[in-house]
2 protein chains.
Amino acid sequence: MPVELSCKSEYALLALLELADVYTSKEPLQIRQISAQQHIPDRYLEQLLATLRRGGIVRSQRGAKGGYLLAREPRKITLLEIVACLEGFDAQAKEQEDAAKFTKTLEGGIIAEVWQEADQAAKTILQNYTLQDLCDRRDARQQLDLMYYI
Amino acid sequence: MPVELSCKSEYALLALLELADVYTSKEPLQIRQISAQQHIPDRYLEQLLATLRRGGIVRSQRGAKGGYLLAREPRKITLLEIVACLEGFDAQAKEQEDAAKFTKTLEGGIIAEVWQEADQAAKTILQNYTLQDLCDRRDARQQLDLMYYI
DNA sequence: CAAAACCCTAGTGGAAAACCGGAGTATACT
DNA sequence: AGTATACTCCGGTTTTCCACTAGGGTTTTG
């Protein structure tokens, strides 16, 4: 499948789901708690959260009793924004690609254009999902599973 | 950008464009010719063409005056088919993914579903482009460039 | 001040991608 | 028939990237 779901993105999304769950409480969640809950290597998760912080998706509170919180409400955070932040295709990657597209051979440029179009289609999907959507969908699924169990 | 364009796929597409150009002549094109024309390492291209042959996209003629030809007309070959052949996500990868989707945690499953959706959107784009479309587009672009030059 | 937490940077291991080489096999031409 | 040409098969090498680890620093609470 052309669209990759990297370990990195999955970890980040799982962590962000945890943060979304407690968003209304305004209490920070610590790396250890998240990593234990979602089975993510803590030192690795730390890096991902740092990246998300620089991207303005989460904010952090330092010192004892510190931790991470969502920077905005879950409704205002799209999945595209998250993966863009992590995979880092925001500005510098764009330029490189555009430059490469024009310096390449004619055929290479055509191919790149088509891929760009496929990429845009995938991005649009991710653009239209928010963290809240994921939470809602999970809750609905959980409810359904419970009904089957009874 | 979520949708990768591997070196492998690009090489293959460039080679197939060459083959599409001479499709009507029914004359085979040799690896050396293609690799020289498109600046592709010949021994690597050889592997790719072998894969495409097993996938029924090209056919080969052995011996002296041998080479490769498209197995079908360029109109009948979609880009999705090509990358699926090379990247090998046809049957066994599907099963693994579906299995993983269900054995994963609930959250992981939800995420996988969304990614599947984004993937499908990208695939649909690639499904709707044929080799002939690429050729046409290239020719149109070349014509345009020529007009600007004059 | 000490403990708890985040912060920064560098590096490691392993796997996959990209690429190379050699021996074998089929085909055309003479 | 024999030889040159080109594909075929398969194993090895190199390079790149990803997931992960490590260590030393800084901020905040109590």
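In what follows, every chain begins at residue 1, and chains take the letters A, B, ... in the order their sequences are listed. Just so it is clear, the structure is predicted and the values come from calculations on it, not from any experiment.
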- Query: Does anything in residues 39-50 of chain B reach DNA chain C, meaning a heavy atom under 4.0 Å, and if so which residues?
  - Reply: B/Pro41, B/Arg43, B/Tyr44, B/Gln47

- In residues 13-26 of chain A, which ones come under 4.0 Å of DNA chain C, going by heavy atoms? none

Less than 4.5 Å apart, any side-chain heavy atom of [X] and any of [Y]?
{"X": "A/Leu70", "Y": "A/Leu131", "value": "yes"}
{"X": "A/Asp21", "Y": "A/Arg138", "value": "yes"}
{"X": "A/Glu18", "Y": "A/Val22", "value": "no"}
{"X": "A/Asp119", "Y": "B/Leu5", "value": "no"}
{"X": "B/Leu79", "Y": "B/Ile82", "value": "yes"}

- Go through the steps to decide whether B/Ile77 and B/Thr130 satisfy the test side chain to side chain contact (heavy atoms under 4.5 Å, CB included), and finish with yes or no. CA-CA 5 Å; B/Ile77 301 177; B/Thr130 70; 5.9 Å; no

Using 0.5 Å steps for rounding, measure from the [atom1] atom of [X] to the [atom2] atom of [Y].
{"X": "B/Leu126", "Y": "A/Trp115", "atom1": "CG", "atom2": "CH2", "answer": "5.0 Å"}
{"X": "A/Leu106", "Y": "A/Ile111", "atom1": "CG", "atom2": "CD1", "answer": "10.0 Å"}
{"X": "A/Arg141", "Y": "A/Leu146", "atom1": "CZ", "atom2": "CG", "answer": "14.0 Å"}

- Item | Under 4.0 angstrom between A/Ser6 side-chain N/O and D/dC18 OP1 or OP2 | no

- Item | Separation of D/dT8 C1' from B/Leu52 CG (nearest whole Å) | 15 Å

- Which whole-number value in Å describes the distance from A/Ile31 CD1 to D/dT27 P? 17 Å

- Message: Counting the atoms with a prime plus P, OP1 and OP2 as sugar-phosphate, which does A/Arg32 contact under 4.0 Å by heavy atoms, base, sugar-phosphate, or nothing?
- Response: nothing

- Give one of base, sugar-phosphate or nothing for B/Arg59, where a contact means two heavy atoms less than 4.0 Å apart. nothing

- Note on the structure: Its 5'-most and 3'-most nucleotides having an atom under 4.0 Å from a non-hydrogen atom of chain A, DNA chain C is contacted over C/dA4 to C/dA10

Enumerate donor-acceptor pairs with a distance under 3.5 Å from any side-chain N or O in residues 7-16 of chain B to protein atoms, sequence neighbours excluded.
| from | atom 1 | to | atom 2 | distance (Å) |
| --- | --- | --- | --- | --- |
| B/Ser9 | OG | B/Ser6 | OG | 3.2 |
| B/Ser9 | OG | B/Glu87 | OE1 | 2.9 |

- Message: Evaluate B/Arg75 against B/Asp133 for side chain to side chain contact (heavy atoms under 4.5 Å, CB included), listing each step before the verdict.
- Response: CA-CA 8 Å; B/Arg75 269 267 172 264; B/Asp133 293 331; 3.3 Å; yes

- Item | Same apolar cluster: B/Leu17 and B/Leu69, side chain cutoff 4.5 Å | no

Counting only pairs under 3.5 Å, give me each side-chain donor-acceptor contact of residues 43-64 of chain A, with atom names and distances, residues two or more places apart or in other chains.
| from | atom 1 | to | atom 2 | distance (Å) |
| --- | --- | --- | --- | --- |
| A/Arg43 | NH1 | A/Glu46 | OE1 | 3.0 |
| A/Thr51 | OG1 | A/Gln47 | O | 3.1 |

Protein-nucleotides 28-30 of chain D N/O pairs closer than 3.5 Å?
| from | atom 1 | to | atom 2 | distance (Å) |
| --- | --- | --- | --- | --- |
| D/dT28 | O2 | A/Ala64 | N | 3.4 |

